[in-house]
Structure formats: C-alpha cells, structure tokens
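Written out below as structure tokens is the structure these notes cover.
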Protein chains: 2
Amino acid sequence: MGEERKIPKPTIKRLAVYYRCLSEMISEGKMYVSSKELAKKLKIKSSQVRKDLSYFGEFGKRGVGYNVRSLATELRKILGIDRRWRVVIVGAGNLGRAIANYPGLYRNRFDVVAIFDKDPSKFGLVIGAAGPVRPMEELESVVKSKKVEIGVIAVPAQAAQDVVEQLVKAGVKGIVNFAPVTLHVPGNVIVEDVDITVLFKAITFHLRKRP
Amino acid sequence: MGEERKIPKPTIKRLAVYYRCLSEMISEGKMYVSSKELAKKLKIKSSQVRKDLSYFGEFGKRGVGYNVRSLATELRKILGIDRRWRVVIVGAGNLGRAIANYPGLYRNRFDVVAIFDKDPSKFGLVIGAAGPVRPMEELESVVKSKKVEIGVIAVPAQAAQDVVEQLVKAGVKGIVNFAPVTLHVPGNVIVEDVDITVLFKAITFHLRKRP
DNA sequence: TAGATTGTTAATCGATTAACAATC
DNA sequence: TAGATTGTTAATCGATTAACAATC
C-alpha cells in the first residue's frame, strides 16, 4: 500500500484559489510572491498557505518566496488542469445556458461540448460553443463519442437524480450539481454541490434579528 | 455578557439543507421524521442532525422524531427566513439574469427587486420580476428606497471590488459573490463566495491521473 | 553576513461521531 | 410495558495556527 498523506478537503479548494491569484499575478508581470503576500490577499494565514502546498512538495525558495509562474504550473498539475476537460450541461434553462456561456470555464481549461434538455421547443437553439440544445436521448452517445468526463446538473430538483443516473451510465466521472437535492452516485463518481438558496440562507442566518 | 454557544459554520448550511428536505416532505404530506431518516437522505450521520439542532433548542419527541411542519417553522426562524428579504443583482450578463430568474429564490423568500449593469445597451431590458436593467448610478438610491439587504455580485472579477464598495456604501449587509476574487468588506458585512471554476477544479483534482 | 521566508513540527482549535441515559 | 428515538456528553477525528530551525 502506498503511504499517502491525507489532504484536507478545504485545502483542495484553496489550491484552486491560489491558482486564480497566481494567474492574476502572471498577467500583472509579478515574478515572485511570498506566502505572506498570498495570505493577505486571500484573508487567510501564511502558515495555511505553506501547509497546503507542503502536502504536494517544496515549491518555494527560503528568504525569497515562490516563483509565480512555476508555482502556477505546479498547481495546474496538482489540480489536474494541465490538460483540457470536456463537459456537458444538462438543462438548457437560464442557469444551464449561463454556465455554458461562462467564459471562466473555457479559460480554466473546461470545454463545454454539448447541452441537453428534454423540452423539444428548445432543441436546436445554439448555445455558444456548446452548440445546439440536444434531446436527452442523445446524452449517452454524445458523452461516449466526445469522451466527456464531467456533467453539470442544471435541471429542477425532481429531475436531478434521474439525470445523474443517465450521466453515470454514460460514463461521466464528475458532476457539478446545481439542483437543490442530495444526489446518489456510485463511490467512484465525484460530486460538487452548489445550492444557491443555501448561500442566501447562510447570509440571512447572520443578518436575522438585527435592528 | 450573554453566554452564547458557538455554532459551527458547517452547521448553518446543513440547517438550510434540512429545511429544504422538510419542505419536500411537507409537500409529500409526511408528518414525522427521525434524525436517522433525515441523515440517510442527506448522507450524513444521525447524531450530526441531532447535534446541529441541539444548538438551537429541543425540537423532537423521544421515541417519535420531529414533527415535519413545526421543525420547518423553527428552521425558518433560525435561518431568518420567517420573513421575506430584498435582493439586488449587479451584472446583467448571463449569470446575473439567470439568478434574477431563478424561481428557487422567490420560493425561498428572497425577492429580487432590481438588477443593474454598466452597459447602456442593456438598460431597460426587463428581467422578470427584477424589472428593467438599470444604470449603476441608480444603485444607491434604489437600495435605500427599497430597503434592500442583500446584493449579488455577477460582474467580471476586475469590477467586483468596486461594486462591493458601492453596495456597502448603499447599506447592503449581505453579499453573494459569484466573481472569482476575494472581496474586502467591513466586518459587519457577510459575504458568501461561489467560484464556479473552483468547483470544477475540486473535481479534476480527484479525477486527474486515472486511466 | 543580515534579513527574509520557507518547510515542518507540535500545540491548539473546531467539528464530527459514538454511546447512552432520559423519555415518549 | 417494550421499542424507538431524542438530547447530550465525552471521545475521536480533522484542520488550523504558532513557532522555529533550516536556508536562500
């Protein structure tokens, strides 16, 4: 058995945030950055930055900091975005179309290669690079032929579990779920949930009962 | 000083998820639910459910479970959604418009009362109940006159900090941030961040280097 | 060299879970 | 009553932070 140090889950998302920050710095022409600087920008502790990176190797120079470009390159490898990934979106409502058109995805190496809906009145409508809205019947064949790895759920809650099963059957291994339900998937499939209304409630929890 | 038990941050989001689950059960006509049932549905431990609720009171009946409707009522109070909240959206691109039209917000007691953009070609375009896209110049007066408590940032990263400052100046106390930047706000303002590309990278982190 | 900053250890802090007496 | 399930305590587990020797 390979001894594998366990990575805290929050670390993974912070690595993605470090990467975002480094990308900015690259475009500003910055050459080196210290854990202290990075931490300040992200409102965390510098020891947190160093610890997060230490799970994966030694990337800095003592007394100097981190080379911005080479740390960005390392983070791309760690996060798996040293190559492009193919994505399909299920649900061509407002949210599905917004995600299909979100420029941040392409820039961060995610290619939305198709979008699906069950509503025939939407079929054929072209959604940016994702192409025409396709019927659900084509999901499996498109996922397989285009070697799609990631699916996005942008359908109403009651349709979500059914869609997930179709995605999993077609061979998708990662799912970004915008539907307000807890999905059931096989153990080898990774799910990230975003429930927009939950975010709002986390805010009102703190704002409630103020003057 | 009032002795106040500290609430774990993850607890707050789980409460919102319990509420979501209970809402479903209400519409299914279910009268009682146990922590075990709720836990199973959400893929967590039943002791987690009970502990989360215990921070706020005793809501169950031993041997029986929780009354679905009354627990939902309690959670509404805890989460602050025993009344409606007013929201403005800044940025009338694909994402801003999708959020303005998201039916889950209205259903969960959030009213999107206005939407803003800096692009004059969008002014006047009507976005559902949010009404016409308005110029940024109107932000402060609308927030004040409509007593808006929550702002949504749906603008590009480089514009986000500036927008935040306008929202805070106008009196907004909670912000849902979709822009890929870390915002700087006064201590009394609550921010919830969602970076969509970070979610995708959390997935590729796990999928990287598989066959 | 002197100053700065890393990588890592150990301590602390925070969150989850098991276990069980209380009680419906 | 017997069976079920709560509310809570204490133990465990996981994540963050301070501190500092190593070293650029």
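Lettering follows sequence order; numbering is per chain, from 1. It should be emphasised that the depicted structure is a prediction, and the values quoted were computed from it without experimental measurement.
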task: Return the minimal non-hydrogen interatomic distance between A202(B) and K13(A), and the atom names on each side.
output: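 Heavy atoms only, the tightest pair is CB-CE, 4.2 Å.
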- prompt: Stepwise, does the salt bridge (charged side-chain N to carboxylate O under 4.0 Å, His left out) test hold for E149(B) with R83(B)?
  reply: CA-CA 12 Å; E149(B) 295 107 339; R83(B) 61 145 171 123; 3.1 Å; yes
query: Quick one: on DNA chain D, does G65(B) or K9(A) contact a more 5' nucleotide (nearest heavy atom)?
result: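 Its nearest nucleotide being more 5', the pick is G65(B).
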- request: I would like to know whether K77(B) and E74(B) meet salt bridge (charged side-chain N to carboxylate O under 4.0 Å, His left out); could you show each step before the answer?
  value: CA-CA 5 Å; K77(B) 286 184 215 159; E74(B) 293 298 337; 3.7 Å; yes
field: Test log, rule side-chain contact (heavy atoms from CB on, under 4.5 Å), inputs L79(B) and R208(A)
entry: CA-CA 7 Å; L79(B) 294 168; R208(A) 118 218 95 134; over 6 Å; no
message: Going 5' to 3' along DNA chain C, between which two nucleotides do contacts with chain B fall, using a heavy-atom cut-off of 4.0 Å?
response: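 From 5' to 3', the first and last contacting nucleotides are dA15(C) to dC24(C).
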task: Assess whether salt bridge (charged side-chain N to carboxylate O under 4.0 Å, His left out) is satisfied between E140(A) and K144(A), documenting all intermediate values.
output: CA-CA 6 Å; E140(A) 185 163 352; K144(A) 285 180 171 158; 2.6 Å; yes
In terms of side-chain heavy atoms, does [X] have a donor or acceptor partner in [Y] at a distance below 3.5 Å?
X      : Y      : answer
D52(A) : Y18(A) : yes
S54(A) : R50(A) : no
R69(A) : T73(A) : no

- request: Could you give me the CA-CA distance, side-chain angles and deciding distance for Y66(B) and F59(B), then say whether ring-ring contact (aromatic ring centres under 6.0 Å, His included) is met?
  value: CA-CA 7 Å; Y66(B) 303 87; F59(B) 306 119; 7.7 Å; no
- prompt: So F110(B) and F200(A), would you call those rings parallel, tilted or perpendicular, with 30° and 60° as cut-offs?
  reply: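 Taking F200(A) first and then F110(B), their aromatic rings sit tilted (interplane angle of 30° to 60°).
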- request: Could you provide the dot-bracket string of DNA chain D, using ( ) for intrastrand pairs, [ ] for crossing pairs and | for bases paired to another strand, with Watson-Crick or G-U pairs below 3.5 Å?
  value: ..||||||||||||||||||||||
- prompt: For residues 44-56 of chain A, which residues have at least one heavy atom under 4.0 Å from DNA chain D?
  reply: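 The stretch gives K45(A), S47(A), Q48(A), R50(A), K51(A) as the residues lying under 4.0 Å from the strand, ordered by number.
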